[in-house]
Amino acid sequence: MSALRLDVTGAVEHPEPLDRAALAARVARDVPDHAYVNLGIGQPTTVADHLDPRAGVVLHTENGMLGMGRAAREDEVDPDLINAGKVPVVEPPGASYFHHADSFAMMRGGHLDVCVLGAFQVSAAGDLANWHTGAPDAIPAVGGAMDLAIGAKQVFVMMSLLTKDGTPKIVPSLTYPATGLGCVDRVFTDLGVFAIDHERQTVVLLEAYGASAADLAERLGG
Amino acid sequence: MSALRLDVTGAVEHPEPLDRAALAARVARDVPDHAYVNLGIGQPTTVADHLDPRAGVVLHTENGMLGMGRAAREDEVDPDLINAGKVPVVEPPGASYFHHADSFAMMRGGHLDVCVLGAFQVSAAGDLANWHTGAPDAIPAVGGAMDLAIGAKQVFVMMSLLTKDGTPKIVPSLTYPATGLGCVDRVFTDLGVFAIDHERQTVVLLEAYGASAADLAERLGG
Amino acid sequence: MGRTTFHTDPVEALAGVADGDTVLVGGFGMAGMPVRLVDALIETGATDLTIVSNNAGNGETGLAALLKARRVAKVICSFPRQADSYVFDGLYRAGEIELEVVPQGNLAERMRAAGAGIGAFYSPTGVGTLLAEGKEQRTIDGRDYVLEMPIRGDWALVAAQAADPMGNLVYRKTARNFGPVMATAAATTVVEVRETVELGAMDPEAVVTPGIYVDRVVTA
Amino acid sequence: MGRTTFHTDPVEALAGVADGDTVLVGGFGMAGMPVRLVDALIETGATDLTIVSNNAGNGETGLAALLKARRVAKVICSFPRQADSYVFDGLYRAGEIELEVVPQGNLAERMRAAGAGIGAFYSPTGVGTLLAEGKEQRTIDGRDYVLEMPIRGDWALVAAQAADPMGNLVYRKTARNFGPVMATAAATTVVEVRETVELGAMDPEAVVTPGIYVDRVVTA
């Protein structure tokens, strides 16, 4: 496998790695005010807790709602009102409902500003793998992952930089099956925030957390 | 030009030709109870006056309404509520509104039972010409004609059988530009009612009005 | 009045379901799931069915019960694998059920195409992935697309909030999901509702599924 | 809150319109015609425009006035020829305006495709006619279709009944027509409304155009 095209010049270094909450807050910081945003199932959902209500960010859930509210408290649970992770949510004023084809038309038509997704791997070309481990006995299940991957003006990935055994998840090219090609714009991890430079097919380290830029370059093999 | 494939055996003969009102009533008789129907602009619109309200026929207008009502009286005119001919209509209970893409999806998806259209010419294959005379200086304008032509389970044509100079409008093959191919199922005229047998590409005279079946066969050159 | 018929017995409302039919089943998780109609589908005894739905059943009720009763030859869905989808998992691993996984947006749009008379469409979703293998690809204005074909049902089973006597439907919150799309894409659409309202009681501006798409309504 | 901005001056709401832009203009006849925005478009002085609309103007007001002021290079519409469309007729016969006639359903669906990220679609409408000449044809499941491409606007000018502070829109009766489709298909959508309502006053089930599609609202 060829080396990762990585550019760490100009990276800002921070002393501590990001824990899960700090990572969610870091992602939230890059969400523009008044943006329309889809937060993927799992960890990306927690970004909502760090969005300033005054910033006017509007959440989309692909099961047919714009202006989605927070998770429902126990006494607020309505089985007809759930998010894409099937978690009960609430309806704030100004929300709207639409059917699944209209919802994915909204997504695929490029109307969302930001989509935040988890990932197994991201390549230097911005290719995303997050739906299938490629294990021969795995039952394939894609959900909305492939639509989300290509369905926003900017796609943010949020993940740990390394697997449990220390293997980098930012890779020269995908070894897991792709969810979408050339679709990722920014990667937020515990150890660093990266931008994908699509023209140069290069990963640009913007900020390092708890590691030096040089350390990260070495770990990623760039 | 080859001869018209015409089958007049089994036609029922009536003594009088149909005037405009009788023709509209005759078309109305062939509209099934509870059918969803689109009536084209002009003469086809008058079919509505002959539908028995108890038959439960539901009218569609392609500018976005199902369950359309009758023409509005002067004191009922609402500029926001018009039919495809831009004539003000009324809203009966049970109506619904939708946008243009949904309205034509309803049409092209084959959900309407009957569409009634005017025509310049119909061929033995059921080809329809009703949008363009082919005159070199004519400004082309199609509206919804091509969508209507292919957008119902059954397409009825309503016209005079002959032009003012006596030329038949049921023809072996179109000389005017086509609106749709093989789309017409039934042709209602002042002098006869015809079915198109698509398999045999043959026009079948069902009823003759004010002329014998033999007379019509001769006039049509079949 | 349109031609929508009203039924109290969901099994009666499924009269005509035949072995080998393709059945579109609404719902996203349990929201919008036509529970009574799925149970009635089991009761009909129809087998060798193709089921099109977002998921492939949970636990041992609803779609999972239909699968467990060995009535389903093939599932077309976006997400068969869930925490408690063990009935599907078992059948799949035993090679006893066919699976076509479709990205959720393509699933919705392919049914919309069927309902709208679109012959096929070029979708940006899935380009360069396993799920596009064997499909025609085309570059339009510099972007790559995959050709996707319509998905038609013999039947659509849908849950809605309310119907009026014309068969017009409204839904409730995110339980709307696939219902309005599936209602357009099947030869016969059967809808279970929580309430029926009088003629004129439904706002014509707020109707989501016009009655033309609704063949049979099962009342609460 | 979303990012929809609210304006009292329609000319201000069109800030950024440039020569050569493609402008989608709502309305079917006068129902749903964004009269104030079309007048404002004339005031901007922008020229060499492509106008996409169902008709090509009546009398000497609205679209006809825009045409008469020689601001339009091309019209894409389904029905240019009407009883009093003499401004368009004159320009067309003089060879001073380009015309693309599109069947009404294809016009709506091509804009829907642009808004929905569909690369192209196979339509059953127009097969074998003059309007399909030069277009790719394909037989799918025994039926013939014509390949149709998306129509995108730099701008959409739409009239609606009401907007809330999120930019959510409702329409009124058949004035809805092309508005919701065009709102999805343009880089910038500008909407004139008859009323604005408070946050929470619009039924989320009855919203027709969600605010994400609405960039600027001109209030009454």
Side-chain angles (χ1 to χ4, degrees), chain A residues 31-38 51-69 78 80-82 89-115 144 146-153 155 180 183, chain D residues 1-6 24 108-121 150-154 156 160 162-171 180-189 196-217:
Chain A
V31 172
D33 286 1
H34 304 292
Y36 294 96
V37 177
N38 185 299
L51 294 168
D52 183 342
R54 290 165 302 181
V57 169
V58 181
L59 297 182
H60 170 263
T61 183
E62 61 265 34
N63 55 319
M65 184 182 195
L66 195 68
M68 182 181 70
D78 177 342
D80 285 346
L81 181 48
I82 60 177
V89 294
V90 299
E91 173 195 295
S96 59
Y97 299 103
F98 29 81
H99 63 58
H100 241 82
D102 278 352
S103 185
F104 279 83
M106 189 181 286
M107 187 187 291
R108 299 201 290 194
H111 303 284
L112 295 175
D113 297 292
V114 175
C115 175
M146 289 185 183
D147 303 283
L148 286 158
I150 55 90
K153 293 190 186 87
V155 172
C183 56
Chain D
M1 224 52 68
R3 74 157 70 85
T4 309
T5 58
F6 291 76
L24 317 179
E109 188 72 16
R110 287 173 66 186
M111 289 189 281
R112 194 249 171 209
I118 301 297
F121 63 93
I151 298 177
R152 266 181 207 88
D154 297 298
D164 77 2
M166 296 288 285
N168 293 314
L169 303 180
V170 292
Y171 299 81
V181 184
M182 290 180 169
T184 70
T188 305
T189 292
T196 49
V197 301
E198 282 180 20
L199 190 66
M202 200 176 275
D203 178 2
E205 306 282 1
V207 169
V208 174
T209 295
I212 192 171
Y213 295 118
V214 179
D215 298 287
R216 305 176 190 174
V217 169

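Chain A is the first sequence line, chain B the second, and so forth, proteins listed ahead of strands; every chain is numbered from 1. Both backbone and side-chain heavy atoms feed into the values below; hydrogens, waters and symmetry mates do not.
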Determine the minimum heavy-atom distance between [X] and [Y], stating which atoms define it.
X        : Y        : answer
D:Pro210 : A:Leu66  : CB-CD2, 3.8 Å
A:Ala105 : D:Arg112 : CB-NH2, 4.2 Å
D:Pro204 : A:Glu91  : CG-OE2, 3.5 Å
D:Asn168 : A:Ser96  : OD1-OG, 4.0 Å
A:Asp102 : D:Tyr213 : O-OH, 4.4 Å
A:Pro93  : D:Leu199 : CB-CG, 3.8 Å

Only counting residues at least two apart or in another chain, list the ones meeting ring pair (Phe, Tyr, Trp, His ring centres under 6.0 Å) with D:Phe121.
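None.
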What part of A:Met106 lies closer than 4.5 angstrom to a heavy atom of chain D: side chain, backbone, both or neither?
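For A:Met106, heavy atoms of backbone and side chain both lie under 4.5 Å from chain D.
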Given that the side chain runs from C-beta out, which part of A:Leu112 has a heavy atom under 4.5 Å from chain D: side chain, backbone, both or neither?
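Both the backbone and the side chain of A:Leu112 come within 4.5 Å of chain D.
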For chain A, the option from D:Pro165, D:Ala113, D:Ala114, D:Gly117 that forms the most heavy-atom pairs under 4.5 Å
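Most heavy-atom pairs under 4.5 Å with chain A: D:Gly117.
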Once rounded to the nearest 0.5 Å, what's the spacing between atom CD1 of D:Ile118 and atom CZ of A:Arg108?
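If I round to the nearest 0.5 Å, the distance is 5.0 Å.
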Can you list everything that forms a side-chain hydrogen bond (donor to acceptor under 3.5 Å, both in side chains) with D:Arg3? Sequence neighbours excluded, please.
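Partners of D:Arg3 by the side-chain hydrogen bond (donor to acceptor under 3.5 Å, both in side chains) criterion, ordered by chain and then number, come out as A:Asp113.
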